Amino acid sequence: MKQVRPKKNLGQHFLTDLSIARRIADTVDEPFPDLPVLEVGPGMGVMTQFLVEKDRLLKVVEIDRESVAYLKETLFRKEESKHSQIIEGDFLRMDLHSLFDGGQFVLTGNYPYDISSQIFFKMLDNRDLIPCCTGMIQREVALRMAAQPGSKTYGILSVLIQAWYNVEYLFTVEPSVFNPPPKVQSAVIRMTRNEVQHLGCDEQLFKRVVKTTFNQRRKMLRVSLRQLLPTDSSIFTLHASLLTLRPEQLTISQFVELTNLVEKNLIPLPHQVPSSGQIR
């Protein structure tokens, strides 16, 4: 059958090295070898063929119609395993609770570079369903996700993901094993849910504090937080030593502490102030 043409607008770079494809597929085996698997963006199924062999419930979601047609003629013929299913659609718009009857699953894929962060933010929103996520992404993004405090690559993605997942950088993949070759290196990662069930602070405000401070990462916290706090807030005097730090110096527990401090002194958003001036 005619092969699928890689489409630039979908960020498609098809992996051609079967040994690497098998290595990526094998990342789903630990630490949840019995959970069903969801693969995002299978393309021509170079990794899917090894996932099918695992005799686990497998679903793949693909937005490209040409790829869907190819997969239906190859890996997903009617006579193939009843444990496998292809879904034509956009992962970012899917209700993940409907995939496996509300049950948990392992997420994997050769993720499109331009939407990998969006995929992982969706993972965070559905973290109770996804105890493990593996796959291949741009190496630069993988390094940011696995970065530790004090590193130049430690940032928003590092904090928000590591608050809920342990991140492993597994191995690097060179551009030459793709069609077409990307201009950057790739990397394979595995994220496994940690034991945190609640951060100990307002989670939405936690995200806001992390994003606000890293958007001015070269500035001390006392400068970047002035967007959120009144200028006369006691936090600037009572917690002066903490606020002399820069965001890349803070551990996740310190971001939690900072979030709780900010909450006590937060400037109300416009919608929080009743328009009539009366207390309701």
Side-chain angles (χ1 to χ4, degrees), residues 10-12 24-43 45 47-48 50-52 54-65 67-68 71-72 75-76 80-138 141-142 145 156-168 188-199 203-204 206-207 210-211:
L10 294 178
Q12 290 177 327
I24 301 172
D26 287 346
T27 62
V28 306
D29 291 339
E30 297 180 7
F32 302 99
D34 299 321
L35 285 181
V37 176
L38 176 69
E39 182 188 4
V40 176
M47 189 170 88
T48 315
F50 300 114
L51 293 172
V52 169
K54 296 182 181 297
D55 196 30
R56 294 165 66 172
L57 184 58
L58 169 69
K59 295 186 180 183
V60 304
V61 55
E62 176 59 66
I63 196 172
D64 178 29
R65 291 183 178 179
S67 292
V68 170
L71 291 169
K72 285 181 177 179
L75 291 175
F76 292 88
E80 289 292 332
S81 170
K82 296 179 180 178
H83 296 295
S84 302
Q85 178 187 355
I86 183 169
I87 303 170
E88 182 175 353
D90 183 350
F91 171 78
L92 296 178
R93 297 176 179 271
M94 292 178 64
D95 174 13
L96 302 188
H97 285 82
S98 65
L99 288 175
F100 298 100
D101 297 323
Q104 292 186 324
F105 59 90
V106 175
L107 180 66
T108 193
N110 175 12
Y111 304 112
Y113 293 154
D114 54 347
I115 63 167
S116 61
S117 294
Q118 296 176 59
I119 289 172
F120 298 137
F121 286 136
K122 188 176 180 74
M123 173 195 73
L124 291 176
D125 290 339
N126 293 271
R127 58 184 177 272
D128 292 338
L129 289 176
I130 307 173
C132 182
C133 173
T134 77
M136 184 159 53
I137 56 176
Q138 185 175 338
V141 176
M145 290 166 58
I156 295 172
L157 205 56
S158 318
V159 175
L160 296 185
I161 288 181
Q162 291 178 36
W164 303 105
Y165 287 83
N166 297 322
V167 182
E168 301 173 78
V188 176
I189 55 157
R190 177 165 48 217
M191 294 175 282
T192 309
R193 270 293 269 125
N194 58 30
E195 296 181 354
V196 174
Q197 296 301 315
H198 190 275
L199 289 180
E203 293 175 14
Q204 292 303 314
F206 176 81
K207 293 179 186 178
V210 170
K211 291 179 180 179

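Quick caveat: nothing in here was measured; it's all calculated off a predicted structure.
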Could you state the interatomic distance from [atom1] ([X]) to [atom2] ([Y]), rounded to the nearest 0.5 Å?
| X | Y | atom1 | atom2 | value |
| --- | --- | --- | --- | --- |
| Asp34 | Gln104 | CG | CD | 12.5 Å |
| Trp164 | Gln197 | CH2 | CD | 7.5 Å |
| Glu195 | Asn166 | CD | CG | 9.0 Å |
| Asn110 | Met47 | CG | CE | 7.0 Å |
| Met94 | Leu99 | CE | CG | 4.0 Å |
| Leu107 | Ile119 | CG | CD1 | 7.5 Å |

* Take Val40 and Tyr111 through the test side chain to side chain contact (heavy atoms under 4.5 Å, CB included) and record every step on the way to the result. => CA-CA 7 Å; Val40 176; Tyr111 304 112; 4.0 Å; yes
Residue pair [X] / [Y]: nearest heavy atoms and the distance that separates them:
| X | Y | value |
| --- | --- | --- |
| Ser67 | Glu62 | CB-CG, 3.7 Å |
| Met145 | Ile137 | SD-CD1, 3.5 Å |
| Gly109 | Glu39 | CA-CG, 4.1 Å |

* Checking side chain to side chain contact (heavy atoms under 4.5 Å, CB included) for the pair Phe91/Leu38: CA distance, chi angles, key distance, verdict? -> CA-CA 10 Å; Phe91 171 78; Leu38 176 69; 3.8 Å; yes
Taking the side chain as every heavy atom from C-beta outward, state whether [X] and [Y] have any atom pair closer than 4.5 Å.
| X | Y | answer |
| --- | --- | --- |
| Tyr113 | Val141 | no |
| Leu160 | Phe121 | yes |
| His83 | Val52 | no |
| Leu57 | Phe105 | no |
| Ile161 | Leu124 | yes |
| Leu96 | Met123 | no |
| Ile130 | Met191 | no |
| Ile189 | Tyr165 | no |

* **Pairs meeting criterion salt bridge (charged side-chain N to carboxylate O under 4.0 Å, His left out) with involvement of residues 92-111, two or more places apart** =>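 Found Asp90-Arg93.
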* Test Leu35 against Arg56 for side chain to side chain contact (heavy atoms under 4.5 Å, CB included), laying out the working first. => CA-CA 7 Å; Leu35 285 181; Arg56 294 165 66 172; 4.3 Å; yes
* To do: If a pair satisfies side-chain hydrogen bond (donor to acceptor under 3.5 Å, both in side chains) and one of its residues is in residues 116-132, list it, with sequence neighbours excluded.
  =>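 Sorted pair list: Arg127-Glu203.
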* Output, in order, the C-alpha distance, side-chain angles, deciding distance and verdict of side chain to side chain contact (heavy atoms under 4.5 Å, CB included) for Thr108 and Leu51. => CA-CA 10 Å; Thr108 193; Leu51 293 172; 4.1 Å; yes
